[in-house]
Amino acid sequence: MERPPVYSELPIPCFGGVKKLVCVVLVVVVLVLVLVGVLLMGLHMSQKHTETIFQMSLQEGTSSGTQGTGVATFHLDTGINSSASVVYDYSKLLIAARPRPGHACYVTQMDPEQVQSLETIAESVLSKITSDASRQNDSMKPVTDRSLLGITIKVLCGSLPVYWA
């Protein structure tokens, strides 16, 4: 009986390199897809957590007949190259706004029966910021006793001057 011929692989140097390159590219693409998936999942979980905290702070702050004890913080995009952070302090019944860029904080009293919306705050407090800074600071009364402010508002404003809006 005759033995079948022994076949050997034909050495093609370019083909082995291409195979290796395809494997490396495939592994990199899979790793990038996994990384994007993990980042999107983290973003989704973070958004859900933020929404939950927001709902809890609204429920705390609007309880009927009792004064809320929560604090809610929001970030407003007020236009090109400008934004503001707004803090609702339900325990002190104060609303504070810090525009960025800005050189002062603005505080207003909160009506516990009818809490001002973010739109109202943006229109009333933040519209004053667009006016001339020297005229605005002269017409607004400064907060002389910072002990009236809650810890969150003190942290928000830092060493900036604070005015009643």
Side-chain angles (χ1 to χ4, degrees), residues 3-64 66-108 110 112 114-130 133 149-162 165:
R3 295 176 94 196
V6 177
Y7 296 101
S8 65
E9 198 173 293
L10 192 61
I12 302 175
C14 186
F15 187 69
V18 170
K19 219 183 222 187
K20 191 175 188 178
L21 180 65
V22 168
C23 285
V24 168
V25 168
L26 185 62
V27 167
V28 168
V29 167
V30 167
L31 286 174
V32 166
L33 288 175
V34 167
L35 181 65
V36 167
V38 167
L39 289 174
L40 288 175
M41 203 166 75
L43 179 66
H44 177 72
M45 290 171 49
S46 174
Q47 181 182 1
K48 285 294 184 187
H49 177 72
T50 303
E51 289 174 1
T52 303
I53 296 298
F54 174 69
Q55 291 298 327
M56 289 170 50
S57 68
L58 285 180
Q59 290 170 359
E60 270 185 23
T62 58
S63 58
S64 60
T66 61
Q67 182 175 332
T69 59
V71 173
T73 305
F74 302 96
H75 181 76
L76 297 176
D77 185 13
T78 57
I80 299 173
N81 294 331
S82 66
S83 62
S85 298
V86 178
V87 171
Y88 285 73
D89 188 340
Y90 298 107
S91 63
K92 300 282 186 175
L93 294 175
L94 294 173
I95 302 173
R98 179 181 180 181
R100 299 185 193 273
H103 304 290
C105 270
Y106 305 93
V107 179
T108 185
M110 179 190 310
Q114 185 176 2
V115 178
Q116 296 94 322
S117 68
L118 282 174
E119 290 176 14
T120 306
I121 296 301
E123 289 172 3
S124 66
V125 175
L126 300 178
S127 65
K128 296 175 185 177
I129 296 162
T130 59
L149 308 175
I151 294 172
T152 309
I153 295 176
K154 288 178 187 176
V155 169
L156 174 73
C157 297
S159 62
L160 294 176
V162 181

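All residue numbers refer to positions in the sequence shown, counting from 1. Everything numeric in this text was worked out from a predicted model, so none of it was measured.
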Undergrad: Could you report the tightest heavy-atom contact between Ala104 and Pro99, atom names first, then the distance?
TA: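 Heavy atoms only, the tightest pair is O-CD, 3.5 Å.
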Undergrad: Can you name the closest pair of heavy atoms from Ser85 and Leu156 and give their distance?
TA: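 Looking at all heavy atoms of both residues, the shortest contact is CB-CD1, 3.6 Å.
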Undergrad: Heavy atoms only: give me the nearest Tyr88-Ile95 pair and the separation to one decimal.
TA: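 Answer, listing the atom of Tyr88 first, then Ile95: CE2-CD1, 3.6 Å.
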Undergrad: If I compare all heavy atoms of Cys105 with all of Arg98, which pair ends up nearest, and what's the gap?
TA: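 Closest approach of Cys105 to Arg98: SG-CB, 3.6 Å.
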Undergrad: Taking atom CG of Leu35 and atom CG of Leu40, what is their separation to the nearest 0.5 Å?
TA: 9.5 Å
Undergrad: Got Leu149 and Cys157 here, is their nearest side-chain heavy-atom distance under 4.5 Å?
TA: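 They are not in contact (no side-chain heavy atoms under 4.5 Å apart), so the answer is no.
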Undergrad: Would you compute the distance between atom CG of Leu21 and atom CG of Leu26 and round it to the nearest 0.5 angstrom?
TA: 11.0 Å
Undergrad: Is the number of heavy atoms from other residues, nucleotides or ligands within 6.0 Å of CD1 (Ile151) greater than 12?
TA: no
Undergrad: The criterion is side chain to side chain contact (heavy atoms under 4.5 Å, CB included); which residues satisfy it with Val29, sequence neighbours excluded?
TA: Val25, Leu33
